Amino acid sequence: MTDSWATLFDRGSEYDVDIDTVRERYETQQTARNDPNGIEGDE
Amino acid sequence: MTERRDEPDPTRIVADPVVLAADLLVGGAARESLDHVRRHSWVDLVASDKLLTETESLVAVLADDDLAAAHRERLEADRVAVDQPPDDHPALASAYRGEAAHLLSYDERLNSARAGLTLQPRVAVSVRPPDAFARLFDPESLYEAVVGGEYPGPDCDPREQSV
């Protein structure tokens, strides 16, 4: 049984995340993927 | 192998991992734009497995593994799945393979003239930030053009479970 969007949004709202953080984190992940030896992963 | 259409399908939307994660964790324009998709059974979200994997990885870092997995499960249930070459950009590949007309992204590089020149011959997709898509999406005229007849209004609750 998959969660409804209402449930997912409730769960998501527990985290204090803004759009700049999402974008920055994705950029970091992309950099790590493109240059796996040049930057630590997301661990 | 199926023939590609001459024009992309205006009822097919792709959202990149940032927009999908922002929909879940931030709300705002990302959620507004994807609510347009969730409100209408005749509008589809297109996504490859790689696009979902990048989204899940991003949500896991920003929130936790359980929420990332639940979000992926929801997206898997709701999406139109497409295959993509492993090295291709997941959002662009999803748009191309899914013949989607709209790609929601905050990535200005995808919106740049250079990206347009590089991609246009293969991907006739309109790349827009979510706020622009949310503002410009016109379900009435799209319904009349694509489905036919008078627009009956939204036919889905964007917060309910669809399957």
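These numbers come from a predicted model, not from an experiment. Just so it is clear, the values below take in all heavy atoms, side chains as well, and ignore hydrogens, waters and symmetry mates. Naming convention: chains lettered A, B, ... in sequence-line order (proteins, then strands); numbering from 1 in each chain.
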Taking every heavy atom of A:Ser4 against every heavy atom of B:Arg159, the minimum-distance pair comes out as CB-O, 3.6 Å
Return yes when atom CD of B:Glu140 has more than 12 non-hydrogen atoms of other residues, nucleotides or ligands closer than 6.0 Å, and no otherwise.
no
*Check whether B:Val37 and B:Leu136 end up in the same hydrophobic cluster, where Ile, Leu, Val, Met, Phe, Trp and Tyr are linked by side-chain heavy atoms less than 4.5 Å apart.*
no
Output for pair (B:Thr55 OG1, A:Tyr26 OH), nearest 0.5 Å, gives 7.5 Å
Handout entry: Any A:Tyr15 side-chain heavy atom under 4.5 Å of B:Leu67 side chain
Key = yes
### Message
Just checking A:Asp16: does its CG atom have more than 12 heavy atoms from other residues, nucleotides or ligands closer to it than 6.0 angstrom?
### Response
no
In terms of heavy-atom pairs under 4.5 Å with chain A, the winner among B:Pro158, B:Ala63, B:Pro17 is B:Ala63
Applying a strict 4.5 Å limit to non-hydrogen atoms, the region of B:Glu76 in contact with chain A is neither
Do A:Arg33 and B:Ser57 have side-chain heavy atoms sitting under 4.5 Å apart? yes
Under 4.5 Å to a heavy atom of chain B? For A:Glu14 that would be neither
Is A:Asp3 close to B:Arg74 at the side-chain level, that is, under 4.5 Å between some pair of heavy atoms?
no
Here the gap from B:Asp107 atom CG to A:Glu27 atom CD, rounded to the nearest 0.5 Å, amounts to 6.5 Å
Counting heavy-atom pairs under 4.5 angstrom with chain A, the leader among B:Leu62, B:Asp66, B:Val59 is B:Leu62
If one checks every heavy atom of B:Asp64 against chain A at 4.5 Å, the contacting part turns out to be both
By residue number, those in residues 22-31 of chain B with heavy atoms under 4.5 Å from heavy atoms of chain A are B:Ala22, B:Asp23, B:Leu24, B:Leu25, B:Val26, B:Arg31
Okay, A:Thr7 and chain B: the region with an atom under 4.5 Å from a heavy atom over there is neither
Heavy-atom distance under 4.5 Å between the side chains of B:His71 and A:Arg11, does that happen here?
no
* Heavy-atom side-chain proximity of B:Asp78 to A:Trp5 below 4.5 angstrom -> yes
